[in-house]
Amino acid sequence: MSKRATRTAISPTRDENYPEWYQQVVRAADLAELSPVRGCMVIKPWGYALWENMQRALDGMFKATGHSNAYFPLFIPLRYLEREAEHVEGFAKECAVVTHHRLEPGAGGGRGAAGEVRGAGGVVPAGKLDEPYVVRPTSETIIGEMYSKWVQSYRDLPILINQWANVVRWELRPRLFLRTAEFLWQEGHTVHATAGEAHEETLRMLGVYADFAENHMAMPVVRGEKSAGERFPGAENTYTIEAMMQDRKALQAGTSHFLGQNFARACNITFSDRDGALAHAWTTSWGVSTRLVGGLIMTHGDDDGVVLPPRLAPQQAVILPIYKDETQRNAVLDFCRGLERRLRDARYADEPLRVAIDDRDLRGGEKNWYHVKRGVPLRIEVGPRDLAAGTVSVARRDQPPRQRAAVAHEQLVADAPALLAAMQDGMLQRARRFLADHSTRVSSLAALEEYFRDDASAGFATAPVSAAAEQDPAYRELLGRLKLSLRCIPDAADTGTCIFGGEAGAPAAVIARAY
RNA sequence: CGGGCUGUGGCGCAGUGGCUAGCGCGCUCGGUUCGGGACCGAGAGGUCGGGAGUUCAAGUCUCCCCAGCCCGACCA
């Protein structure tokens with residue numbers, strides 16, 4: 001394209017066109033692509049490996065907090081969903097519904113009405129179901145149904161179960177990882193004997209999410225409670241972690257819900273307490289999804305592609321052999337294999353280093369950029385000169401792509417874990433600074449409007465907003481016009497005068513544009 | 001579900017009704033290069049979204065259909 005010195009691997013750059021940059025990064029890093037099925041994506045090996053690393057870490061944290069995995073059906077009888085009024089209303093507009101269970105030869109004999117070729121035999125749905133099934137948009141009702149059978153005594157409680165699954169929410173505005181009709185997630189569903197215990201669980205899992213986001217993804221988050229208008233359909237309280245992307249928009253990265261007794265009533269989850277009295281149980285649910293992959297990209301990615309935090313990178317280091325002829329190749333590769341072994345014996349974050357040699361028959365430069373775009377933390381070049389000098393040439397993904405340092409190879413092996421740790425920490429610090437630099441407090445409507453007037457600087461604004469404001473037409477008009485939403489209330493005790501209605505004691509809410 | 005736009009090799013595009021439909025990237029092969037997103041040469045790959053029509057002649061004009069994209073309401 002243009003001059004070498006200014007050329008970036010991703011075009012356009014973040015500044016030029018952020019949404020397009022995002023799409024190009026996902027493509028360049030080979031994370032995922034859209035499928036022939038509208039609204040659904042194919043997660044490719046590199047993207048899926050990232051998700052697997054997230055899963056592994058989260059799964060360990062769930063187990064460590066006493067949860068077990070189980071699996072519930074993909075199909076939910078329609079009448080289950082109807083049991084909780086707010087719940088069904090909340091999801092009604094985005095449900096895939098299964099109405100038939102068989103295919104039969106169609107009347108057109110292989111051609112549709114418009115003459116289009118149909119599937120192999122020209123088949124049509126048949127065997128209409130008496131009651132349709134909904135493809136789960138979430139599993140509260142089907143899991144609740146089972147819990148109602150499992151729970152009889154206070155001695156059966158708590159139940160602490162998590163499920164790794166796919167869910168479908170019929171979205172027709174796909175954005176890879178951020179919003180697709182089908183996505184992968186985990187959903188925790190717990191049952192407790194008391195409100196206090198359930199509430200404690202809700203906040204505990206919010207804490208797990210925040211911990212994961214910050215310490216594994218290096219993605220700082222704002223924790224808080226959702227306002228009534230943003231609550232999960234059927235929940236008493238919804239808590240969220242909100243992250244700031246590099247376009248300063250908020251991404252809801254995880255939610256944890258205190259469901260009160262709403263679903264226990266809807267699903268008839270009752271138990272005899274210590275006094276022999278029959279009571280409805282208290283439930284929670286909490287989830288994070290493959291959306292986190294999108295959050296990771298938009299938190300750390302740069303104009304050369306993805307930048308992966310070492311703890312989640314499918315490969316933490318890649319060794320790139322450099323040679324001209326067969327003699328050199330043998331010597332260099334031999335050395336690389338030894339280096340690979342020694343690096344794998346090193347440990348970072350309680351795991352062996354994930355190292356690979358890339359010996360594909362590609363041009364060196366092309367190969368190097370391939371790994372830059374995919375975000376591999378360390379690129380280690382090994383050529384004949386290195387062999388002679390006892391060094392390797394090390395490039396860090398958190399530094400400019402052409403910058404590299406000659407390091408004695410024994411020193412690299414010794415320092416690699418610390419190097420990865422420093423990168424992980426540096427990424428978190430940088431992201432924290434970004435969040436802090438683009439957050440502000442405002443105490444008037446005028447100040448709020450002023451803050452969001454310049455799209456290039458606005459981020460998170462915190463302002464007192466009363467519960468009543470969400471019903472206020474002026475509130476709706478302003479937030480609608482500025483495309484803002486209430487992200488969360490970080491601390492209910494932090495209050496002031498509502499910038500909309502002027503009520504005293506209104507909790508401070510984070511207001512931002514959001515994904 | 002309302003408004004606007006677009007369908008031409010894998011991707012991105014060009015193509016005043018007229019000869020064998022081109023270009024860039026990518027791909028394959030050969031060579032020259034080699035601490036680097038190389039260069040030269042040769043090659044593979046398209047029933048121009050589908051159907052009907054107008055015409056001596058349609059990628060190009062008309063009609064219908066289909067698909068996708070963008071903008072509005074919802075969303076992990």
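Here is the naming used below: chain letters follow the sequence lines, and residue numbers restart at 1 for every chain. Note that these values count all heavy atoms, side chains included, but never hydrogens, waters or copies made by symmetry. The structure presented is a predicted model; accordingly, all values stated were derived computationally and were not measured.
- Nucleotide B:G26 holds its P atom 16 Å from the OH atom of A:Tyr370, rounded to whole Å.
- A side-chain donor-acceptor contact under 3.5 Å links A:Arg397 to the backbone of A:Val372.
- For A:His87 and A:Phe263, the distance between ring centers is under 6.0 angstrom.
- A:Arg342 is linked by a salt bridge (Lys or Arg N to Asp or Glu O under 4.0 Å) to A:Glu410, counting only residues two or more places apart in sequence or in another chain.
- The six-membered or imidazole ring of A:Phe434 lies away from that of A:His300, with a centre-to-centre distance of 6.0 Å or more.
- Look at the P atom in both B:A21 and B:G53: the space between them is 24 Å, to the nearest Å.
- Nearest to the side chain of A:Arg385, among B:C11, B:G37, B:G35, sits B:G35.
- Less than 6.0 angstrom separates the ring centroid of A:Phe335 from the ring centroid of A:His409.
- Residues that satisfy the salt bridge (Lys or Arg N to Asp or Glu O under 4.0 Å) test with A:Asp303, not counting sequence neighbours, are A:Arg14.
- Atom pair A:Leu362:CG and B:G36:P shows a separation of 16 Å (rounding to whole Å applied).
- When the P atom of B:C39 is taken as reference, atom CD of A:Glu366 falls 12 Å away, rounded to whole Å.
- Here the C1' atom of nucleotide B:G26 and the NZ atom of A:Lys373 are 12 Å apart, to the nearest Å.
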With a 3.5 Å cut-off and sequence neighbours excluded, list the donor-acceptor pairs that the side chains of residues 41-52 of chain A form with protein atoms.
unit_1, atom_1, unit_2, atom_2, d
A:Lys44, NZ, A:Asp30, OD1, 2.8
A:Lys44, NZ, A:Glu33, OE1, 3.3
A:Trp46, NE1, A:Arg374, O, 3.0

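- A donor-acceptor contact under 3.5 Å links the side chain of A:Asp386 to the base of B:G35.
- Distance noted for atom P between B:C29 and B:A44: 15 Å (whole Å).
- Paired with A:Thr238 under the rule side chain to side chain donor-acceptor pair (under 3.5 Å), one option of A:Glu225, A:Gln252, A:Glu230, A:His257 passes, and it is A:His257.
- B:U6 and B:C13: their C1' atoms are spaced 13 Å apart (whole Å).
- Across B:C40 and B:G24, the matching P atoms stand 11 Å from one another, rounded to whole Å.
- Legend: residues meeting side-chain contact (heavy atoms from CB on, under 4.5 Å) with A:Ala467, ordered by chain and number and at least two apart, are absent.
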Dot-bracket for RNA chain B: what is it, with Watson-Crick or G-U pairs under 3.5 Å, [ ] where a pair crosses earlier ones, and | for a pair to another strand? (((((((..((((....[...)))).((((((.....)))))).....(((((..]....))))))))))))....

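- Taking atom C1' on both nucleotides, B:C66 is separated from B:C75 by 28 Å, rounded to a whole Å.
- A 4.5 Å side-chain heavy-atom check between A:Ser256 and A:Thr284 finds every atom pair outside the cut-off.
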Given protein heavy atoms under 4.0 Å, the one-letter contact record of nucleotides 4-9 of chain B, with B base, S sugar-phosphate only and - none, is simply ------

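- Nucleotides B:C74 and B:C1 place their C1' atoms 12 Å apart, quoted to the nearest Å.
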Filtered N/O pairs between nucleotides 29-34 of chain B and protein, under 3.5 Å:
unit_1, atom_1, unit_2, atom_2, d
B:U33, O2, A:Arg363, NH1, 3.3
B:C34, O2, A:Arg363, NH1, 3.4

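- Annotation: side-chain contact (heavy atoms from CB on, under 4.5 Å) contacts of A:Ala213 (sequence neighbours excluded): A:Met219, A:Val221, A:Ile241.
- By the salt bridge (Lys or Arg N to Asp or Glu O under 4.0 Å) test, A:Arg83 is found to be paired with A:Glu145, residues two or more places apart in sequence or in another chain being considered.
- Residue A:Arg175 is out of contact with every strand shown, counting any heavy-atom pair closer than 4.0 Å.
- A distance of about 26 Å separates the P atoms of B:G37 and B:A42, rounded to the whole Å.
- Taking the ring centre of A:Tyr370 as origin, the terminal cationic atom of A:Arg379 falls outside the region bounded by 6.0 Å and 45° from the ring axis.
- The distance between atom CZ of A:Arg379 and atom P of B:G35, rounded to the nearest whole Å, is 17 Å.
- The residue A:Ser393 sits close to a base: some heavy atom pair falls under 4.0 Å.
- Remark: A:Arg175 engages A:Pro19, A:Tyr22, A:Leu178, A:Arg179, A:Tyr515 in a side-chain contact (heavy atoms from CB on, under 4.5 Å) (not counting sequence neighbours).
- Between the CG atom of A:Asp361 and the P atom of B:C27 there is a distance of 12 Å, rounded to whole Å.
- Between the P atoms of B:A67 and B:A58, the separation comes to 28 Å (whole Å).
- The CD1 atom of A:Ile380 sits 18 Å away from the C1' atom of B:G36 (whole-angstrom rounding).
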Treating primed atoms plus P, OP1 and OP2 as sugar-phosphate and everything else as base, which nucleotides of nucleotides 69-76 of chain B get B, S or - for protein heavy atoms under 4.0 Å? S-BBBBBB

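- Residues passing the salt bridge (Lys or Arg N to Asp or Glu O under 4.0 Å) test with A:Asp15, sequence neighbours excluded: none.
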